[in-house]
Amino acid sequence: MKVKTYLINLKDSTERRERAMEEISRYPFMDIEWVEAVNGKELTEEETARLFNRKKFCSRYHREPLPGEIGCTLSHKECYRRLLCSENEYALILEDDVCFLSPEDVEYVFKRVIGLLPLEEECIITFTRHMIYYPKNSSRIGTYTLYRLWSAYGTCAYLVNKQAARRLLSIERPFLVADDFEYMAKHGILVQGIYPSLALDASTMRLISSEIIEEDSSTIIWRRKPTFWEYLKGKYRVLKFWLGLLAKQEVERGQPTTKEYLKGKYRGGLFRLGILAKREIENGQYV
């Protein structure tokens, strides 16, 4: 079984391409196709404005995009376009700094994961790092587990099916960083991930330097800080997520949910306030 694999690499980065090909050559099931990465630093202002929605990016992330981030997003967009133009139902997307952590497990895990990849539903499966996942929505794959994710980061290795690629390409002028999986999950794409991670980018592991995104974070220009209400809204969403997980666990154990507990405390408080008010009235005091 061959898996169409797009390898993103800058045209002049021959050493990184050779390193990536040496890494990938161990896995004959990968059908490699080189995709020339977009160098965001070489785009003119007119090209950037035509290809990327800077205004929406600033609205979402409250800062200006780095040239490398723009180039990275456009590079992945080209992979989605090629997938839609092909006869393949899915593809593996790799960046040229990919490093597989357990080479002996790669082919076994990929074949099992592909068997679980839905073709009718928009889906992305990442093999890198993730932060928040749904522990009840899982599938065992040997010593690995496939979870549904809420948040993850890194795009050095992931599977994407045609449905998800079509959804991402429907954004005429992209405005997301390539690994904004939280946005994808919120907008109908099923995002899943392997735990423990099967791949990491060598630049994060400090084995090589990053080329697509190599700007110092000190060059980031922040448009504005989130407003107080935006800050509270973000905290509320996180709290709601964790309370939901806690409530689900409590229901499974036959315990009253946190919401029911708080509701009972609220009613108890109202009752005690009523008794206190009655006593004050009887004693001739103001409530």
Side-chain angles (χ1 to χ4, degrees), residues 3-6 8 56-57 60-61 69 72-84 88-95 98 100-101 105-106 109-142 144-171 174-201 204 212-213 234 237-245 248:
V3 178
K4 172 55 68 177
T5 303
Y6 298 117
I8 299 174
K56 281 192 173 182
F57 181 98
R60 175 159 179 79
Y61 304 108
E69 290 175 319
C72 184
T73 294
L74 295 177
S75 300
H76 285 266
K77 181 181 178 181
E78 171 61 18
C79 294
Y80 306 149
R81 187 194 67 78
R82 293 194 187 193
L83 173 58
L84 286 188
N88 301 296
E89 293 298 325
Y90 53 85
L92 172 63
I93 297 179
L94 302 177
E95 294 176 344
V98 64
F100 290 103
L101 302 179
D105 296 334
V106 170
V109 171
F110 268 89
K111 288 182 177 180
R112 291 288 304 276
V113 166
I114 288 171
L116 297 171
L117 178 70
L119 300 181
E120 300 302 323
E121 181 181 6
E122 300 163 352
C123 182
I124 286 176
I125 299 178
T126 174
F127 298 92
T128 57
R129 298 157 294 172
H130 50 82
M131 295 183 291
I132 302 177
Y133 58 89
Y134 299 89
K136 295 299 180 181
N137 299 322
S138 62
S139 300
R140 294 289 297 177
I141 302 175
Y144 295 84
T145 306
L146 180 66
Y147 290 107
R148 180 186 172 195
L149 302 181
W150 174 257
S151 181
Y153 55 98
T155 51
C156 68
Y158 66 97
L159 279 169
V160 57
N161 66 8
K162 264 188 173 177
Q163 303 299 328
R166 185 174 292 108
R167 168 66 70 92
L168 293 170
L169 282 177
S170 67
I171 306 173
F175 59 91
L176 303 171
V177 291
D179 62 350
D180 195 340
F181 295 113
E182 183 174 336
Y183 179 93
M184 300 176 196
K186 284 182 180 178
H187 290 78
I189 297 178
L190 174 62
V191 180
Q192 296 178 296
I194 284 290
Y195 181 84
S197 300
L198 193 62
L200 284 178
D201 49 298
T204 296
I212 294 180
I213 302 178
R237 286 175 176 170
V238 174
L239 179 61
K240 186 178 179 182
F241 171 80
W242 287 112
L243 283 177
L245 286 182
K248 186 176 180 182

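In this chain, residues are counted from 1 in sequence order.
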Please check: side-chain N/O of [X] versus main-chain N/O of [Y], any donor-acceptor pairing under 3.5 Å?
X      : Y      : answer
Asn161 : Leu117 : no
Ser75  : Ile8   : no
Thr73  : Leu176 : yes
Asp179 : Tyr153 : no
Thr5   : Val3   : yes

Exercise for the section: Tell me, with the steps shown, if Thr128 and Asp201 meet side chain to side chain contact (heavy atoms under 4.5 Å, CB included). Expected result: CA-CA 8 Å; Thr128 57; Asp201 49 298; 5.7 Å; no
Problem - Between Tyr183 and Tyr61, ring centroids under 6.0 Å - result: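 Ring-ring flag for Tyr183/Tyr61: false, centres at least 6.0 Å apart.
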Handout entry: Between Phe127 and Phe100, ring centroids under 6.0 Å
Key =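 Here the rings of Phe100 and Phe127 have centres that are no less than 6.0 Å from each other.
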Testing the basics here: between [X] and [Y], what is the closest heavy-atom pair and its distance to 0.1 Å?
X      : Y      : answer
Ala157 : Ala199 : CB-CB, 4.0 Å
Arg129 : Ser197 : CA-OG, 3.7 Å
Leu84  : Lys162 : CD2-O, 3.6 Å
Phe181 : Ala152 : CD1-O, 3.5 Å
Ile93  : Cys79  : CD1-CB, 3.6 Å

Spacing of [X] atom [atom1] and [Y] atom [atom2] [to the nearest 0.5 Å]:
X      : Y      : atom1 : atom2 : value
Ile114 : Leu119 : CD1   : CG    : 10.5 Å
Leu94  : Tyr158 : CG    : OH    : 10.0 Å
Ile171 : Lys56  : CD1   : NZ    : 7.5 Å
Leu168 : His76  : CG    : NE2   : 11.0 Å
Asp180 : His187 : CG    : NE2   : 9.5 Å
Leu159 : Leu92  : CG    : CG    : 5.5 Å

Problem - Side chain to side chain, Leu83 and Tyr90, heavy atoms closer than 4.5 Å - result: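 Leu83 vs Tyr90: side chains apart.
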Practice task
Flag the pair Pro174 / Leu74 as yes when at least one side-chain heavy-atom distance between them is below 4.5 Å, and no otherwise.
Solution key: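 Result yes, sub-4.5 Å side-chain heavy-atom pair found.
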Practice task
Verify side chain to side chain contact (heavy atoms under 4.5 Å, CB included) between Val191 and Trp150, making sure each step is shown before the conclusion.
Solution key: CA-CA 7 Å; Val191 180; Trp150 174 257; over 6 Å; no
Exercise for the section: Using side chain to side chain contact (heavy atoms under 4.5 Å, CB included) as the criterion, point out the one residue from Arg148, Glu122, Met184 that pairs with Leu190. Expected result: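 The single option meeting the side chain to side chain contact (heavy atoms under 4.5 Å, CB included) with Leu190 is Arg148.
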Exercise for the section: Among Ile124, Leu116, Ile125, find the one that has a side chain to side chain contact (heavy atoms under 4.5 Å, CB included) with Gln192. Expected result: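 Single pass found, and it is Ile125.
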